[in-house]
There are 2 protein chains.
Amino acid sequence: MDGPAVSAVRAFNRTVAERIGALNDGFLGRGRPMVESRTLWEIGLEGAEVRELRARLGLDSGYMSRVLRALERERLIKVETSPDDGRVRFARLTRTGRAERAVLDQRADRVAWGFLEPLTDQQRATLVAAMAEVGRLLRASLITIAVEDPTTTDARWCIGQYFAELVVRFEAGFDPSNTIPADAHDLMPPRGAFLIARLHDRPLGCGALKFHPGAPAELKRMWVDPEARGLGLGRRLLGELERQAGRAGARVVRLETNRALVEAIRLYRSSGYREVPAFNDEPYAHHWFEKELA
Amino acid sequence: MDGPAVSAVRAFNRTVAERIGALNDGFLGRGRPMVESRTLWEIGLEGAEVRELRARLGLDSGYMSRVLRALERERLIKVETSPDDGRVRFARLTRTGRAERAVLDQRADRVAWGFLEPLTDQQRATLVAAMAEVGRLLRASLITIAVEDPTTTDARWCIGQYFAELVVRFEAGFDPSNTIPADAHDLMPPRGAFLIARLHDRPLGCGALKFHPGAPAELKRMWVDPEARGLGLGRRLLGELERQAGRAGARVVRLETNRALVEAIRLYRSSGYREVPAFNDEPYAHHWFEKELA
DNA sequence: CATGTTCTCTGACTTTAGTCAGAGAATTGT
DNA sequence: ACAATTCTCTGACTAAAGTCAGAGAACATG
């Protein structure tokens, strides 16, 4: 734990908390409790499922329900049951609700402008850039990586995205039936592992391992959502995969890859992987890498 | 109002609010309300005056009192009346209180470390730097500038600081009785104006004007606290002084300065001031500047 | 089609936060 | 020395936030 960095984070927190408070106050003073305003705002112009609102706002279902009733009483929203699932309810703004939301939006904008207004143009630009940087890295730090079941919808979605990208990027295209297969149950403990990286439940990347007792573990299916690139997620995933391999008893990790995947190759090299002769006959591979775990 | 910048600020807010919430939660879960934990923390190892705590935490005096009673009941603090002013009370931590505060501190540290831990070293450094930048600029944007009475303690403190700095910086030293005087009532409307820049009530800079109907306004006593330099405060103060001069009917602002004050001279030049022949016989001046207000 | 799960509601609560008025003691200003 | 001000405290409130248990409807699954 790095002391000075931790202090810096805490100092940042203190400064920023105050201003954030001010921004939230933009949601106050409209004669209704803050949760109601926040909910109104979160429903958005498109409307939203109640269960999703609850997740986003972190509210108890009973509480949420009451908040929605209050907004309905004010004729700001209408809650109806969703057409595709009779259990879930869907909230949408009425015309009045949209107007009220616009007011909230405007107030928040004014407060945000209050942060910028006293600054010179140059300072404003610096502030906006630094804020973007902080936001980006805080988001990166919120990404969690965990071993998961490779048969779930999310896992299969990740693999689908991975394949779809290969189709586009490989010079010769890509046909999953042509590659060395990796069945779901080969990627499950104890024969393997499947890791998913998530930001707030949403999958942003994956990576898999096949264990071979007494032989190197094989790394497969490593993918990072294009939207999440540049956050160091690939490196984190790789590290986590290696940790898992080590825990499963592997001394060496190896993998094959296609020459079109230049960032991946760069990542492997800079993470201590050495190129080795082909150890399998994967038709799409151009490079084979190997790393001894410390 | 700059749309994209405002959106950036609001986006930043959304990302950060979440993490800040997490940090504050470090103050929770100790079986007492958040205000109590915050108060305990704010009292600090040195203890603190109750009135100051109230200001820092933004609490109603009645509320504050109750919070302190609760902490006393838990034997975490002791409140006694201050030796130098029988009205104000002074809170200090007991041994138990110090231990409890250390726990809170540790928890907050752990949460802060949670922000950093998932990142690579390089990302950590970037994050810390960006946070410092954001903090610095947000603090800058919290500084307010207002016309005030030049006879108050704060105003006189500012002028004192200003003189003290001149003593150190002028090659020939500085003796206030030797300079052209600027009596407090010459710096009060309608004959002049005195501006103080503050961050949370604490004065960080000042600047004064003497008006001469039909003639240029004179700028005097411009000072920025060394701690607050590099925040663009000098430029803001100067702008505000010019605005006040314009409002008072002046078409031109002029000033004299000493060659040791290089940053000030740079500021004047870059703000549109042109050097002119001496227009008074200020013994400490080497340069005389003038600017026509737009 | 029986069973378990998910989602939403309602009712009945508790806790936290925050406000307001007034009183008493100490201090400051004139 | 008298009045005004500052600071803290108590009592009496209100509002907001949040929790818990249970029930009913809709859906998913074997």
Side-chain angles (χ1 to χ4, degrees), chain A residues 17 21 24-25 27-40 42-43 47-74 77-92 149 151-153 201, chain B residues 17 21 24-25 27-40 42-43 47-74 77-92 149 151-154 156 201:
Chain A
N24 286 340
D25 291 351
F27 277 2
L28 252 40
R30 295 248 81 210
R32 75 176 67 85
M34 173 116 161
V35 231
E36 290 180 21
S37 289
R38 289 242 300 143
T39 303
L40 190 67
E42 286 285 348
I43 289 171
E49 289 188 352
V50 169
R51 62 172 169 189
E52 219 229 299
L53 283 177
R54 236 178 43 220
R56 279 220 294 269
L57 295 162
L59 301 181
D60 171 271
S61 61
Y63 195 11
M64 177 89 264
S65 178
R66 253 175 277 276
V67 166
L68 293 173
R69 285 310 78 69
L71 291 172
E72 263 183 338
R73 239 177 290 121
E74 290 192 73
I77 65 169
K78 251 193 142 49
V79 181
E80 56 219 29
T81 94
S82 155
D84 28 299
D85 186 336
R87 292 166 302 181
V88 346
R89 316 212 66 204
F90 194 88
R92 60 174 77 255
D149 180 341
T151 63
T152 60
T153 324
D201 299 344
Chain B
N24 287 339
D25 290 352
F27 276 3
L28 251 42
R30 297 248 80 209
R32 74 176 66 86
M34 174 113 162
V35 231
E36 291 180 21
S37 288
R38 290 241 301 142
T39 303
L40 190 67
E42 287 284 349
I43 289 173
E49 289 188 352
V50 169
R51 63 173 168 188
E52 219 229 300
L53 284 176
R54 236 179 42 219
R56 281 221 293 271
L57 295 161
L59 300 181
D60 171 271
S61 62
Y63 194 11
M64 178 87 267
S65 178
R66 253 174 279 275
V67 167
L68 293 173
R69 286 308 80 67
L71 291 171
E72 262 182 337
R73 238 176 291 120
E74 291 191 74
I77 65 168
K78 250 191 144 48
V79 181
E80 57 219 28
T81 92
S82 155
D84 26 297
D85 186 334
R87 292 166 304 181
V88 345
R89 313 212 66 205
F90 193 87
R92 58 175 79 253
D149 180 340
T151 64
T152 61
T153 322
D154 279 354
R156 281 172 353 192
D201 299 344

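A note on names: the letters A, B, ... follow the listed sequences, proteins ahead of strands, and every chain is numbered from 1. No hydrogens, no waters, no symmetry mates; every other heavy atom, side chains included, goes into these values.
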J.: Between the protein and nucleotides 9-16 of chain D, list every N/O to N/O distance that falls short of 3.5 Å.
T.:
{"residue": "D:dC9", "atom": "OP1", "partner": "B:Arg69", "partner atom": "NH2", "Å": "3.3"}
{"residue": "D:dC9", "atom": "OP1", "partner": "B:Arg89", "partner atom": "NH1", "Å": "2.5"}
{"residue": "D:dC9", "atom": "OP2", "partner": "B:Ser65", "partner atom": "OG", "Å": "3.4"}
{"residue": "D:dC9", "atom": "O5'", "partner": "B:Ser65", "partner atom": "OG", "Å": "3.4"}
{"residue": "D:dC9", "atom": "O5'", "partner": "B:Arg69", "partner atom": "NH1", "Å": "3.4"}
{"residue": "D:dC9", "atom": "N4", "partner": "B:Ser61", "partner atom": "OG", "Å": "3.3"}
{"residue": "D:dG11", "atom": "N7", "partner": "B:Arg66", "partner atom": "NH1", "Å": "3.2"}
{"residue": "D:dG11", "atom": "O6", "partner": "B:Arg66", "partner atom": "NH2", "Å": "2.6"}
{"residue": "D:dA12", "atom": "N6", "partner": "B:Arg66", "partner atom": "NH2", "Å": "3.4"}

J.: Could you tell me if A:Asp149 and A:Thr151 have a donor-acceptor pair between their side chains, going purely by distance under 3.5 Å?
T.: yes
J.: Measuring from atom NZ of A:Lys78 to atom CD1 of A:Ile43, what distance do you get when rounded to the nearest 0.5 angstrom?
T.: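 With rounding to 0.5 Å, NZ (A:Lys78) is 13.0 Å from CD1 (A:Ile43).
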J.: Please tabulate the protein-to-nucleotide N/O contacts below 3.5 Å involving nucleotides 26-30 of chain C, giving atom names and distances.
T.:
{"residue": "C:dA26", "atom": "O3'", "partner": "B:Gly86", "partner atom": "N", "Å": "3.2"}
{"residue": "C:dT27", "atom": "OP1", "partner": "B:Gly86", "partner atom": "N", "Å": "2.7"}
{"residue": "C:dT27", "atom": "O4'", "partner": "B:Arg87", "partner atom": "NE", "Å": "3.4"}

J.: Which atom names give the shortest non-hydrogen contact between B:Tyr63 and B:Val35, and what distance separates them?
T.: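 For B:Tyr63 versus B:Val35, the nearest heavy atoms are OH-CG2, 3.3 Å.
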J.: Write down the distance between CG (B:Leu57) and P (C:dA17), rounded to a whole number of angstrom.
T.: 12 Å
J.: Look up atom OG in B:Ser82 and atom CD in B:Glu49, then write down how far apart they are to the nearest 0.5 Å.
T.: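 Output value for this atom pair is 5.5 Å.
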J.: Got A:Glu42 and A:Thr39 here, is their nearest side-chain heavy-atom distance under 4.5 Å?
T.: no
J.: What integer distance in Å separates A:Leu59:CG from D:dC20:P?
T.: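 Spelled out: CG on A:Leu59 to P on D:dC20 is 15 Å.
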J.: Would you say D:dT8 has OP1 or OP2 under 4.0 Å from some side-chain N or O of B:Arg54?
T.: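 For D:dT8, OP1 or OP2 has a side-chain N or O of B:Arg54 closer than 4.0 Å.
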J.: Minimum heavy-atom separation for A:Val79 and A:Glu72, please, with both atom names.
T.: N-OE2, 3.1 Å
J.: Can any side-chain N or O of A:Arg30 pair as donor or acceptor with the backbone N or O of A:Ser37 at less than 3.5 Å?
T.: no
J.: Which heavy atom of B:Ser61 sits nearest a heavy atom of B:Arg54, and at what distance?
T.: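 That would be CA-CD, 3.3 Å.
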